[in-house]
Every structure is written in C-alpha cells, then in structure tokens.
Amino acid sequence: MTAAIVGAEVTRAETPYLPLTAGEIADEAARCRDAGAAVIHLHVRNPDGSPSQSSDLFSSAIEAIRQKTDVIVQTSTGGAVGMSIDERAGPLACRPEMATLNCGTLNFGDDVFINTRPQIRDLARRIREAGSMPELECYEVGHIDEALSLVEEGAVLPPLHFQFVLGVRGGIGAREEIIRFMASQIPAGSTWGVAGIGRHQKPMTEAALRLGGHARVGLEDNIYFAKGVLAEGSAPLVTRVAAFARSVGREVVRPDRARVILGLSNARI
Ligand code: KMH
Ligand code: ZN
C-alpha cells in the first residue's frame with residue numbers, strides 16, 4: 001500500500017487535512033504506516049503552501065519522517081505542472097529509496113504535464129545515479145511501451161515497478177478492463193499498483209487488489225472519503241483500503257516486507 005499524502009495540486013482551501021510542514025507530513029506518514037501503508041509517495045510545500053521540489057525541504061521532511069517511522073520514502077520527480085526538469089530532480093539529492101519516473105506527456109486536467117522522451121531519459125539517469133528505484137508512472141497504455149523502451153535501452157534496470165494512474169482528466173479512463181489490459185502488458189516478475197483519481201480511487205484500488213496488484217490512496221489523488229465528505233487525512237483512506245485488501249485475502253505488508261516484494265536493494269528480510 002502506498003499513501004500519497006501531500007501532492008502538488010491540492011490546497012488547504014480544498015481540505016484542511018492536507019499536511020504541509022515537515023512535522024505535519026511526518027505525523028501523517030506515521031499515521032498512514034500504522035494504518036497499513038508501506039510506501040509514502042512524497043511531495044513537499046513551501047511555507048505558503050505552494051508546491052516545491054527543493055532538496056532542503058525534502059531533506060527536512062524525510063528526516064522528520066525517519067524520526068517517526070520506517071516507511072519507504074518515494075519522492076516525486078513529477079513535481080507540479082510547469083516545473084523544469086532540473087527543478088523536478090531536486091529531491092534526488094536526498095538519495096531517496098524510490099522516486100517516480102513519469103513515462104510520457106499527457107493532458108492533465110486543463111494543463112499539459114510534459115515529459116518528453118529526452119527528459120524521461122535524463123530523469124531516469126539521475127534516478128539511477130541517486131541509487132533510487134524508479135516507480136514507472138503510466139497514465140496511458142503508450143507509457144508502458146515507453147517504459148519498456150527504457151528497459152531495453154538500459155536506462156531503467158529491473159526489477160520493475162509500475163504505477164497505473166487512472167482517471168486523470170485527459171489520461172486513460174478508470175475502468176477495470178483497463179487495469180487488466182495494462183497489467184497484461186508488463187514483463188513477468190514486475191510489480192504493479194493502481195492509483196485512481198477522485199471518485200475513481202476507491203473502485204480502482206479495490207479492483208487492483210482483487211486482480212493481484214498493489215494500491216495507492218491518499219489526498220494527492222482524492223480528498224473525499226465519501227461523496228461530499230472530506231477524508232480526515234490520508235490515513236482513513238489507507239485504513240479503508242487495507243480492510244478491503246484483507247477482505248479479499250490480500251496481506252497488508254510492513255515496509256520491510258514491501259522492500260523485499262519490490263526488490264529494493266536495501267531489503268533486510
Ligand atoms: N503533480 C503531477 C503533475 C509524480 O509525483 O511523479 C505529477 C505527479 C507525478 O504528481
Ligand atoms: Zn505525485
């Protein structure tokens with residue numbers, strides 16, 4: 001289970017439960033860990049709440065998380081729409097265990113989230129040099145093919161971990177048959193998870209768990225617990241999806257076990 005607890009687009013005006021400071025982020029990471037999350041997908045914010053990829057801010061947040069819990073920290077290299085690649089690469093200075101690698105350009109709501117092929121390769125190299133494991137973010141079927149090209153070129157090395165992000169306005173839709181198809185396109189032995197945007201979060205993560213994948217929830221993707229009811233942080237969303245996982249016979253694993261499942265190099269058991 002991954003918890004995406006901050007994001008780059010959600011604001012405090014939309015939900016008062018969004019963590020912004022290093023202390024708030026660490027508290028929420030620990031709450032999510034207690035609820036069943038093994039991975040924290042991390043963005044950080046400036047003091048005014050705007051998105052940042054500053055290595056100093058990431059370093060403070062990661063340090064605060066480390067004081068409280070043993071989660072796998074996966075930093076964003078997507079940042080916010082419009083950031084330069086140099087800016088987006090900021091958190092790699094912290095040598096995170098994992099980092100996202102966005103595998104293509106797409107319409108992102110009314111914006112365009114640009115990831116040109118040279119930019120993807122540039123970030124892949126920087127992620128490798130940081131000693132981080134990339135999570136391959138696929139918002140479209142073609143992004144899987146791009147990820148496979150990266151593997152063929154040696155820009156990304158196995159073991160491979162994919163995140164299928166469904167339901168972005170402008171990206172692939174949030175339907176179970178799409179999960180089945182995307183999961184059928186990745187090499188045997190890869191791991192995969194699903195993130196669903198907005199109201200798609202619950203049905204899509206539940207479908208992923210039924211189909212043998214992993215799940216990402218959190219305020220970055222969805223701020224509601226139910227129609228019109230805000231989630232009081234990401235932890236309640238983790239609690240709910242963890243209960244669903246157990247109800248369909250899936251084990252909810254701690255970070256050390258997740259490190260083994262993902263093939264992270266510092267796996268201890
Ligand atoms: N904020 C989105 C434009 C990532 O973290 O790598 C990109 C994003 C993906 O959140
Ligand atoms: Zn993100």
Side-chain angles (χ1 to χ4, degrees), residues 1-11 14 18-20 25 28-29 32 37 39-46 49-55 57-58 61-62 65 71-92 94 96-116 119-124 126-127 130 132-140 143 146-147 150 156 161-172 193-198 200-201 205 214-223 234 237:
M1 226 78 80
T2 296
I5 63 178
V6 183
E9 285 82 22
V10 179
T11 66
E14 292 170 310
L18 186 71
L20 296 179
I25 288 171
E28 185 60 13
C32 287
V39 180
I40 298 295
H41 170 72
L42 189 64
H43 290 252
V44 297
R45 302 296 181 99
N46 291 307
S50 59
S52 170
Q53 291 291 99
S54 144
S55 56
L57 288 174
F58 268 94
I62 293 169
I65 291 171
V71 287
I72 298 164
V73 174
Q74 175 196 86
T75 62
S76 171
T77 69
V81 166
M83 287 179 172
S84 71
I85 294 299
D86 278 344
E87 196 176 0
R88 284 166 51 177
L92 297 175
C94 304
E97 267 190 281
M98 293 184 82
T100 58
L101 180 62
N102 292 275
C103 293
T105 294
L106 78 154
N107 285 325
F108 201 85
D110 294 341
D111 299 314
V112 182
F113 182 32
I114 296 177
N115 295 283
T116 67
Q119 287 172 340
I120 296 167
R121 281 151 184 78
D122 184 4
L123 277 173
R126 298 191 204 208
I127 290 170
S132 306
M133 177 182 189
E135 175 177 271
L136 302 163
E137 310 289 321
C138 298
Y139 306 77
E140 280 295 349
H143 296 175
E146 182 68 334
L150 294 169
V156 167
H161 177 61
F162 292 82
Q163 187 74 261
F164 305 141
V165 185
L166 309 182
V168 172
R169 285 179 200 280
I172 202 161
V194 167
I197 305 303
H200 302 300
Q201 180 168 90
T205 50
H214 304 285
R216 162 173 142 174
V217 295
L219 298 188
E220 173 167 345
D221 302 334
N222 162 47
I223 62 172
S234 295
L237 298 167

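Counting starts at 1 for both ligands and their atoms, following the listed order.
When NE2 of His41 and OE2 of Glu220 are joined through the Zn ion (ligand 2), the resulting angle is 110° to the nearest 10°.
Counting only N and O atoms by type, the side chains of Gln74 and Glu135 include a donor and acceptor under 3.5 Å apart. In this model, no donor atom of one side chain and acceptor atom of the other lie less than 3.5 Å apart for Gln163 and Glu137.
Considering backbone and side-chain atoms together, Gly78 places an N or O closer than 3.5 Å to an N or O of ligand 1. Taking only nitrogen or oxygen atoms, main chain and side chain alike, Gly79 reaches within less than 3.5 Å of ligand 1.
Distances below 4.0 Å separate heavy atoms of Thr100 from the following atoms of ligand 1: 4 (C), 5 (O), 6 (O). Short contacts between ligand 1 and Glu9, defined as distances under 4.0 Å to a heavy atom of the residue, involve ligand atoms 1 (N), 2 (C), 3 (C). Near His43, meaning under 4.0 Å from any of its heavy atoms, are these atoms of ligand 1: 5 (O), 10 (O). Within ligand 1, the atoms closer than 4.0 Å to a non-hydrogen atom of Phe113 are 3 (C), 7 (C), numbered from 1 in the order shown. Atoms of ligand 1 found under 4.0 Å from any heavy atom of His41, numbered from 1 in the order shown, are 4 (C), 5 (O). Atoms of ligand 1 found under 4.0 Å from any heavy atom of Glu220 (numbered from 1 in listed order, with element): 10 (O). If you number the atoms of ligand 1 from 1 as listed, the ones under 4.0 Å from a heavy atom of Tyr139 come out as 9 (C). For ligand 1 and Asn102, the ligand atoms under 4.0 Å from any heavy atom of the residue are 4 (C), 6 (O), 9 (C).
No side-chain heavy atom of Leu166 sits less than 4.5 Å from a side-chain heavy atom of Ile197. Side-chain contact check for Ile114 versus Met83: every heavy-atom pair is 4.5 Å or farther apart. Counting only heavy atoms from C-beta outward, the side chains of Ile65 and Val73 approach each other to under 4.5 Å. Using a 4.5 Å heavy-atom cutoff, the side chains of Arg88 and Leu123 are in contact.
A salt bridge between Asp86 and Arg126 is present, with a side-chain N of the basic residue lying under 4.0 Å from a carboxylate O of the acidic one.
The shortest contact between atom 4 (C) of ligand 1 and any protein heavy atom is with Ser76 OG, 3.3 Å.
Smallest separation of non-hydrogen atoms from Gly78 and Asn102: CA-ND2, 3.4 Å.
When you scan the N, O or S atoms of His43 for the one nearest the Zn ion (ligand 2), you land on NE2.
Ring geometry for His43 versus His41: interplanar angle over 60°, hence perpendicular rather than tilted (30 to 60°).
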